[in-house]
Amino acid sequence: MARAYDVIEVERKWQRRWAEDGTYEVDADDPRPPWYVLSMYPYPSGPAHMGHVRNYTFGDLLVRHRTMLGYAVLSPFGFDSFGLPAENAAIKTGTHPRIFTDARIAELKESITSLGAVYDWRREIRSHDPEYIKWNQVIFQRLLAAGLAYRANAPVNWCPGCKTVLANEQVLPDGTCERSGDVVVKRDLEQWFFRITEYADELLAGLDDLEWPERVKTMQRNWIGRSEGAEYDLVVAGRDGTDGRERMALRVFTTRPDTSFGMTYAVVAPEHPMVDALTTPEHQNEVAELRKRAAASTDVERMSESGPLSLAKRGAFTGSSVINPFTNRPVPVYVADYVLMGYGTGAIMAVPAEDHRDWDFAQAYGLPVVRTVRPPEGWEEHGGPNGGPGGAYTGAGEKINSEWLNGLDITTATAKATEWLEAEGIGVRKINYRLRDWLISRQRFWGCPIPIVYCPDHGIVPVPVDQLPVLAPDDVQFLPTGESPLATNPQFLNTTCPLCGGPATRETDTMDTFVDSSWYFLRFTDPWTPDQPFDPDIARHWMPVDQYIGGIEHAILHLLYARFFNRALVDLGLAPAGMREPFAHYYAQGMIRMDGTKMSKSKGNLVAPSSYLSTVGADALRLFHLFVGPPADDMDWTDQTDSVIEGCGRFLDRVWRLAVPAGEAVPLLQEGPLTPKDLEVRRATHRLIDRVTRDFERWSYNTAVAACMEFVNLLHPYARADGQAQVLDEAVDTLLLLLAPMTPHLAAEAWEHRHGDHVHLHPWPVADPELAAEESVTMVVQVNGKVRDRIEVAPDISEAEAEALALGSAVVMEALGGRSPRRVIVRPPKLVNVVV
RNA sequence: GCCCGGGUGGCGGAAUGGCAGACGCGGUGGACUCAAAAUCCACUGUCCGAAAGGGCGUGCGGGUUCGAAUCCCGCCCCGGGCACCA
C-alpha cells in the first residue's frame, strides 16, 4: 500500500530521537508532580508478540498523555529474566542460560523500541543481574530473621514436567501445572516457605480500597478464603488421654457452631495423626485400606471421583465414638477423604441436616439426620437434589431440636453457642484461611540461589550479607537428567560454615521467579543505591504505582505475592512506612485470541508484529489496537484484521495530507468574518478536545479514535473548499496534539513540519466551553414514542417554546389527526413526546 | 452446583432511560485513469414499495415507564472464576 509519507523512515527517525533526548528520563527531584505507570515486566522470550504490542501501546499512551498533562512520569522497563525456558534451551543446545537470555532480551528490547514506546532505560532491571540477585538474597535473609521465611517438611506439589516443586497458586484447579500442563503429584519434602498467611487478614481487608477490576478482587478474596467459626474438643468416649491430658480429645473446626446439636457423627482426615489411636483392632484393615488409597490418589483422581456413589468407597468407621458436648451423647467417628488435613484441624463435626457433603456421606452410610434449622415449607418433599425429597438445608431459619438455642435465628445462635464453648473451656472462636504459606523452593538452576548453608554442627546458617550475592557457577553442565546442575556441582555445593569454618554444604534450590517480580516495582524507583535494595524515601516519592497494567492471568499469583512482599518490606523497614498497597490502580487488558484460543508461542498461532512494523508501521499497529474495541475485552485476530490495520494506515495518511499539504493545495481565506461553516469546524475542534480527554480518562480509546476519524472526515472537504486558514490550523494542530499519545511518530513528524518543535513537549489542549457550545440542536418530536419530526432549536429553548413548536409541526398535526394530546412530555432541548 | 461478565447489522464495535447501529472493515455503484493502483464521492439493519413513505428490529418471554439495547422478574446461550476449605 503506497503511503502519503515515508512511514519506516519517519518512525526510525523519531525512535532514535526519543532515545537520545532523554525526555522520558525523570528523577525524584523533578518539580513536576510524580506519576508512576508500569506495565508488568515480561519474561524475555524473543521479539515482542501481539499481546506485548497491545499492552505496551496502552502503557505508552499513558506515559505520553500524562507527560503532556504536566506530570513527571516514571516509566521504567525490565525483564523477568529467570525461568525455565532458558534452562530447557540450555539442556537442548548446551548454551548457558545467561547467553540465551541476554540474546532474547536484546530482541525484545529492540522490538519494544520499534513500537515507539518510550521508557527510562537507565532504570532497566534484569532479574538475573548479580546486583538484583544480591538484593533478592538480602531480602530473603531479612525475612528469615523476622520469622517470615522458614524451612519445613510438608506435602508439596511436585511437577514431573518441570522437575521441581510448585506453590499452590501455580497448580491449576484440575491438578495440573500452570506452566507445563503435567499432572502435579504430592511429595513430602523439606522446603522453604514465606509466611504469607501472617498477612492473610490484611491482604483481604486491603482489597476493599483498591481501584482494581472487581473480578480480580473477588478472585483474591476467594483465594484467601477467610471463614469465621469455632474450634472445639470432642472427648473420645471411654479412652484415657495419651498426651498427659485426662481424656483423649478430637479437636474440630466449624463455621456453624449453632448446628452442633445436629452432629450425628464426626470425621477425621485420612492423614490425621489421631487415626491410629482412634481405630479399634476390628476396623484396622478397612481404615488402612482407605488411608492407602487416599495417599496414592492425585487431586485429579479425587475430583473425578466426586458424587454420591463413590462417596461410599471413601469412608471407614474407626470403631470409636466421641461425646457431643452439647448433648453429652456419643457419636461415631469415621475416617473419610472428603475431610482435608490441610484445612482447619483436619477433623469435623458432621451435621448432615445442614451440610451437603455430610448429607451425602450420611445417606451412603445410613447415619441419622437431626435438623437444627427449620427448613422452608415443602422441603422434605422436594428440597433435595433435582427436587427430590429432603437434603441438607443451609439457609436461614428458626433453630429447632437445639435445647437452649431453640427459637433463635442462625446468627444469634452461632454467637451464643460460641460463647458457651468459651465459657465452658471446651473451645474458642477461630478464623481459618484457605491461603497457605508460599512455597518458594525450586529445584532448578536458572533462578536466584537461596543463600543458605547447612552445617553439621550449626544447622541452617544464612550466608552473611557481606558475602552476597551467592551466584551459581558458570562452569556447569546442562544434562537432560532432570536434576539441577547446582545439586551435583561440587565446587558450588561444598563450602564452609560461616559460623565455625567447618565443612558445610550449600542449599542448591533456587527461589520461585515470582519472588523476583514481587518487589521489582520498588527497585525501579531507585535502582542505583549501593547499600540497600532501594532508598525508602525515594520509593515514597514515586510509590504506589499509579497505574499498573498487565494480563488477568496474574490476578492471583503475581498480584497477591507482590501485595504480601510490599507489606513485609514495609514491616522490615526496607520500604516506606504506611505504604502498604503497591498498586493503586490496576488495569487488566484483554488477551488476543486466534481460532478461539489464546495467541501464544506454545499454541503455535502467533502473528508476528514485525511484519506489520516493516509495512504499515508502528503507528498504524498501535492505532489498530486502540481502535479495535474496549481494552479490557479479549480480541479475536481474524482474516479481516489485516484490512482493519490497513484502514488505520489510511486514516494516518488522511491526517498527513491535512497537516502537510502537497504543493497544489487550495489557498484558504486568510481573514474575514467567520462563516457558519468556520464556526462549525471551530466548535467541532473544541468538542473533540473534550471528547478525547474524557474518553482517555475512562480507557475508551476506541471511541476516542472514532471521534478523531469523524473530525478528519469533517476537515477534508473544509480544507479543500471553503476553509478559513486560522480555523483550519487550529483544528489540525489540535488533532496532532490529541493524536500525539496514540500515534506518536506521525504526530511528531507532522508537527515538526508545521512548527519545527516537538509535539510531545506541548501541553495537552484544553477545550474552551464557549467555543464548544452548540448554537442549535436537533429536537426530536415523537408521537406516542415514535419519531415523527426533527426541528432545529436553540440549546436554551424553554419548555413552553419547545412544546409550541412541536405541536405546531405539520407532521405532528397530521399524525394527531384532529385528536387532542392526552399528555405532552417536554425535555428541552432534546425531545418532545406527544401522547394521545 | 455457586459467583462474576456478556449476547446489538455480513464483521469489530457505538449509544447507560430520550433519533439504535457513531467510527471502521467488508460490500455495491460512481468519478479520476489508456488501464490499474492510490485517492475522492454516494449508498449499504431488515421487510413491503417504482418512489414518497411505512412496518419490523438490540438472545427469548413478561413487567415498569409518555418512552427500554439501557431498569426489574423469569428463562436460554456464550465466556471467565470458584468448587469436597467444614
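Chain letters run A, B, ... following the sequence lines, proteins first, then strands; residues in each count from 1.
Atoms CD (A:Glu214) and P (B:rG6) sit 13 Å apart, rounded to a whole Å. Atom pair A:Phe711:CZ and B:rC23:P shows a separation of 15 Å (rounding to whole Å applied). Rounded to whole Å, atom C1' of B:rG81 lies 11 Å from atom CZ of A:Arg434. Between A:Asp360 atom CG and B:rA83 atom P the separation is 18 Å, expressed in whole Å. Atom CD of A:Glu553 and atom C1' of B:rG81 are 14 Å apart (whole Å). Atom CG in A:Asp634 sits roughly 11 Å away from atom P in B:rG81 (whole-Å rounding). Atoms CG (A:Leu560) and P (B:rG81) sit 17 Å apart, rounded to a whole Å. Rounded to a whole Å, the CD atom of A:Glu799 is 14 Å from the C1' atom of B:rG18.
Ion pairing between A:Glu680 and A:Arg683 fails under the 4.0 Å rule for side-chain N and carboxylate O.
A donor-acceptor pair is defined here as one N or O able to donate and one able to accept, closer than 3.5 Å; no such pair exists between the side chain of A:Arg593 and the backbone of A:Asp636. Remark: the backbone N or O of A:Arg3 is not paired with any side-chain donor or acceptor of A:Asp653 at under 3.5 angstrom. At least one donor-acceptor pair closer than 3.5 Å links the side chain of A:Arg436 to the backbone N or O of A:Arg434. No donor-acceptor pair under 3.5 Å is formed between the side chain of A:Glu354 and the backbone N or O of A:Arg371.
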Sequence neighbours left out, cut at 3.5 Å: what donor-acceptor pairs do the side chains of residues 339-350 of chain A make with other protein atoms?
unit_1, atom_1, unit_2, atom_2, d
A:Tyr343, OH, A:Ser227, OG, 2.5
A:Thr345, OG1, A:Arg251, O, 2.7
A:Thr345, OG1, A:Ala347, N, 3.4
A:Thr345, OG1, A:Ala347, O, 3.2

Residues 619-629 of chain A side chain polar contacts: donor-acceptor under 3.5 Å, at least two apart:
unit_1, atom_1, unit_2, atom_2, d
A:Asp619, OD1, A:His745, N, 3.4
A:Asp619, OD1, A:His745, ND1, 2.8
A:Asp619, OD2, A:His745, N, 3.4
A:Asp619, OD2, A:Leu746, N, 2.7
A:Arg622, NE, A:Met742, O, 3.0
A:Arg622, NH1, A:Asp60, OD2, 2.9
A:Arg622, NH1, A:Leu115, O, 3.1
A:Arg622, NH2, A:Asp60, OD2, 2.8
A:Arg622, NH2, A:Pro741, O, 3.1

Return the polar atom pairs (N/O with N/O) between nucleotides 66-72 of chain B and the protein under 3.5 Å, or none.
unit_1, atom_1, unit_2, atom_2, d
B:rC66, OP1, A:Arg823, NH1, 2.8
B:rC66, O2, A:Asn833, ND2, 2.5

Please list, pair by pair, any protein nitrogen or oxygen found under 3.5 Å from a nitrogen or oxygen in nucleotides 15-17 of chain B.
unit_1, atom_1, unit_2, atom_2, d
B:rA15, OP1, A:Arg698, NH2, 3.4

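Across the P atoms, B:rG61 and B:rA68 are found 15 Å apart, a figure rounded to whole Å. Taking atom P on both nucleotides, B:rA42 is separated from B:rC60 by 34 Å, rounded to a whole Å. B:rG45 and B:rC41 have their C1' atoms separated by 23 Å, with the value rounded to a whole Å. Spacing of C1' atoms, B:rG24 relative to B:rG13, comes out at 9 Å, to the nearest Å. For the C1' atoms, the distance from B:rU28 to B:rU8 is 24 Å, rounded to whole Å. Taking atom P in both B:rG80 and B:rA38, one finds a spacing of 39 Å when rounded to whole Å. Comparing B:rG57 with B:rC19, their C1' atoms sit 15 Å apart, to the nearest whole Å. Taking the C1' atoms as reference points, B:rA50 lies 35 Å from B:rG67, given to the whole Å.
Place A:Ile348 and A:Thr638 on RNA chain B by their nearest nucleotides, and A:Thr638 ends up nearer the 5' end. When each of A:Asn222 and A:Pro717 is assigned the nucleotide of RNA chain B with its nearest heavy atom, A:Pro717 is the one assigned upstream, toward the 5' end.
For the pair A:Met779 and A:Val832, the minimum side-chain heavy-atom distance is below 4.5 Å. Counting heavy atoms from C-beta on, the side chains of A:Tyr612 and A:Val607 come closer than 4.5 Å.
Side chains of A:Gln640 and A:Ser643: no donor on one and acceptor on the other come within 3.5 Å. Side-chain polar atoms of A:Arg654 and A:Asn713 form a donor-acceptor pair below 3.5 angstrom. Counted by atom type alone, A:Ser260 and A:Tyr232 present one or more donor-acceptor pairs between their side chains at under 3.5 Å.
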Fill in the blank from the handout: In 5'-to-3' order, the base (B), backbone-only (S) or no-contact (-) status of each nucleotide in nucleotides 24-33 of chain B, using a 4.0 angstrom heavy-atom cut-off, is SSS-------
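Between A:Lys786 and B:rG57 there is no side-chain polar atom (N or O) within less than 4.0 angstrom of OP1 or OP2. Proximity of A:Thr778 to the phosphate of B:rC19: no side-chain N or O atom is located under 4.0 Å from OP1 or OP2.
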Completion exercise
A correct dot-bracket answer for RNA chain B, with pairs being Watson-Crick or G-U at under 3.5 Å, [ ] for crossing pairs and | for inter-strand pairs, is (((((((..(((.....[....)))((((((.......))))))((((....))))..(((((..]....))))))))))))....
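When each of B:rA14, B:rU39, B:rG55 is scored by its nearest atom to the side-chain atoms of A:Arg657, the top-ranked nucleotide is B:rU39. Listed candidates were B:rA86, B:rA20, B:rG13. Nearest to the side chain of A:Pro630 is B:rG13.
Under the side chain to side chain contact (heavy atoms under 4.5 Å, CB included) test applied with A:Tyr5, the options A:Leu652, A:Val660, A:Val655 reduce to a single match, A:Leu652.
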Exercise for the section: Check the pair A:Phe58 / A:Tyr587 against ring-ring contact (aromatic ring centres under 6.0 Å, His included), numbers first and verdict last. Expected result: CA-CA 10 Å; A:Phe58 299 134; A:Tyr587 196 92; 7.1 Å; no
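Base orientation for B:rG9: syn, the chi torsion being within 90° of 0.
The number of heavy-atom neighbours closer than 6.0 Å to CZ of A:Arg429, taken from other residues, nucleotides and ligands shown, is 12 or below. More than 12 heavy atoms of other residues, nucleotides or ligands lie within 6.0 Å of CZ in A:Arg698, so this atom counts as buried by the packing criterion.
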